[in-house]
Amino acid sequence: MSEKSQLITELESLQQQAEKELAGLNNEDALQKWHTQYLGRSAMVMQIFKRLAEASKEERPLIGQFANQVKDALETQLSQKLETVKQSALQANLKSEQLDVTLPGRKPPRGRLHIQTTVLREIIHIFAEMGFQVFRTTEVESDEFNFELLNIPAYHPARDLWDTFYTTKEGVILRTHTSPGQVRSMRTFHPDPIRVILPGMCYRYEQMDASHEIQFNQVEVLVVGKDITFANMKGTLEEFARRMYGKDVRTRIRPSYFPFTEPSGEMDVECFVCGGEGCSVCSGKGWLEILGCGMVHPVVLKNGGYDPEVYSGFAAGLGIERISMLRYRIDDIRNFWGNDLRFLEQF
Ligand code: PHE
């Protein structure tokens with residue numbers, strides 16, 4: 001009898017101890033250890049079965065039964081505890097990684113048009129309203145179109161004005177101005193009258209400084225027809241300046257020289273920083289140059305397929321960075337292609 005109470009007492013205190021410990025556990029690892037300790041192969045509860053031999057024959061079933069009850073009870077409690085531990089871990093997780101679907105989304109950064117694209121479009125728009133079409137010509141040009149056909153033969157001193165980048169292929173260069181497009185469009189539209197603008201990037205071999213870049217945009221203006229006069233040119237360019245800078249802007253055309261126009265001129269607009277009085281922006285002149293222009297040279301007309309005895313025309317080349325610089329008071333041309341967002345985001 002005493003042996004029976006001995007084993008049962010042991011089991012009872014074991015159960016008490018196990019339950020007490022279990023109550024204090026709060027994670028899966030600890031529960032796993034607890035399982036090994038109290039219900040594993042070498043755990044005491046399991047050892048009791050081996051020790052049944054110590055008890056008398058009659059007592060053995062009772063002790064065995066009791067040991068089984070203890071084992072079942074502990075297992076049940078373990079699985080319950082495991083469930084609560086898992087649940088609270090899940091809750092903690094949900095709480096710490098809470099996702100508020102009602103928060104406003106993060107805006108992806110939006111791009112914008114480059115200032116020169118915007119200005120170019122504005123210029124195209126102004127000329128479109130005067131009946132001009134856009135004619136696209138190539139940026140990689142031949143020496144022939146960039147110089148020869150524009151009345152600038154090899155070794156002509158005027159070539160110094162348009163030093164360029166040469167490719168390794170002979171006669172293939174980057175265009176120094178949009179003027180080669182004059183001959184290209186004449187050959188395309190010949191013998192019809194022409195009223196086109198040719199926008200695009202040009203390249204020059206330059207020493208870069210605040211007003212010189214190795215790349216820049218130009219818009220070429222070309223009109224060819226019968227009875228086209230200098231007055232037509234002046235009227236068109238003045239109208240452009242008024243639309244670009246305001247209807248009261250004053251302009252002037254000074255005589256100049258280009259091998260592909262005769263006579264040639266350069267158009268200035270009144271400096272709107274000082275209003276013509278002279279300041280640092282216009283270097284004291286009161287005027288700012290925005291374009292070169294002139295009546296298309298007979299040689300160029302002929303190269304385009306038009307008889308200079310019958311046809312005449314005018315052309316102009318507008319410096320687009322120059323036009324934006326004046327309009328937005330940008331003091332360094334290198335800003336345009338420097339890719340600095342602090343500059344670009346202002347427009
Ligand atoms: N192509 C000239 C330049 O780049 C500008 C120009 C164009 C002058 C058309 C006259 C006529 O300097």
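On a predicted model such as this, the values are computed, not experimentally measured, just so you know. Note that ligands are numbered from 1 as they come in the structure, with each ligand's atoms numbered from 1 the same way. The residues of the chain are indexed from 1 along the displayed sequence.
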Next on the checklist: Any donor-acceptor pair under 3.5 Å linking the side-chain atoms of Y245 with those of E270?
Outcome noted: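 Side chains of E270 and Y245: no pair found under 3.5 Å.
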Side-chain ion pair, [X] and [Y], N-O less than 4.0 Å:
| X | Y | result |
| --- | --- | --- |
| R242 | E239 | yes |
| E220 | R184 | no |
| E148 | R159 | yes |

Among all the protein's non-hydrogen atoms, which is closest to [atom], and how far away is it?
| atom | value |
| --- | --- |
| atom 7 (C) of ligand 1 | G317 N, 3.3 Å |
| atom 2 (C) of ligand 1 | F260 CZ, 3.8 Å |
| atom 9 (C) of ligand 1 | E220 OE2, 3.3 Å |

For [X], the ligand 1 atoms whose distance to one of its heavy atoms is below 4.0 Å:
| X | value |
| --- | --- |
| Q218 | 3 (C), 4 (O) |
| C293 | 8 (C), 10 (C), 11 (C) |
| Q182 | 9 (C) |

Item to check | Heavy-atom check, side chain of L82 versus side chain of E28, under 4.5 Å | outcome: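 They are in side-chain contact.
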Item to check | Geometric class of the Y38/W34 ring pair [parallel <30°, tilted 30-60°, perpendicular >60°] | outcome: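 Geometry flag for Y38 against W34: tilted rings.
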Item to check | S264 near ligand 1 by a heavy-atom separation under 4.0 Å | outcome: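 S264 does not count as a contact of ligand 1 under the 4.0 Å cut-off.
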Next on the checklist: Just to check, does W162 reach to within less than 4.0 Å of ligand 1 when the distance is taken from its heavy atoms?
Outcome noted: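 Checking ligand 1 against W162, which is what was asked, there is a heavy-atom contact under 4.0 Å.
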Next on the checklist: Below 4.0 Å, non-hydrogen atoms only: which portion of A316 touches ligand 1? Side chain, backbone, both or neither.
Outcome noted: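 It is the backbone that touches ligand 1; the side chain stays farther off.
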Checklist entry - Under 4.0 Å from ligand 1, counting heavy atoms only, is it the side chain of R204, its backbone, both or neither? => result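 The part of R204 near ligand 1 is the side chain, not the backbone.
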Next on the checklist: Using a plain distance cutoff, I'd like to know if H177 has any nitrogen or oxygen under 3.5 Å from a nitrogen or oxygen of ligand 1.
Outcome noted: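 For ligand 1, there is an N or O atom that lies under 3.5 Å from one belonging to H177.
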Item to check | Contact (N/O only, under 3.5 Å) between S179 and ligand 1 | outcome: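 Yes - when backbone and side-chain N and O of S179 are compared with those of ligand 1, one distance drops under 3.5 Å.
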Checklist entry - Which atom names give the shortest non-hydrogen contact between R136 and P199, and what distance separates them? => result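 Heavy atoms only, the tightest pair is NH1-O, 4.0 Å.
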Next on the checklist: Centroid separation under 6.0 Å, is that true for the rings of F260 and H177?
Outcome noted: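 H177 vs F260: aromatic centres under 6.0 Å.
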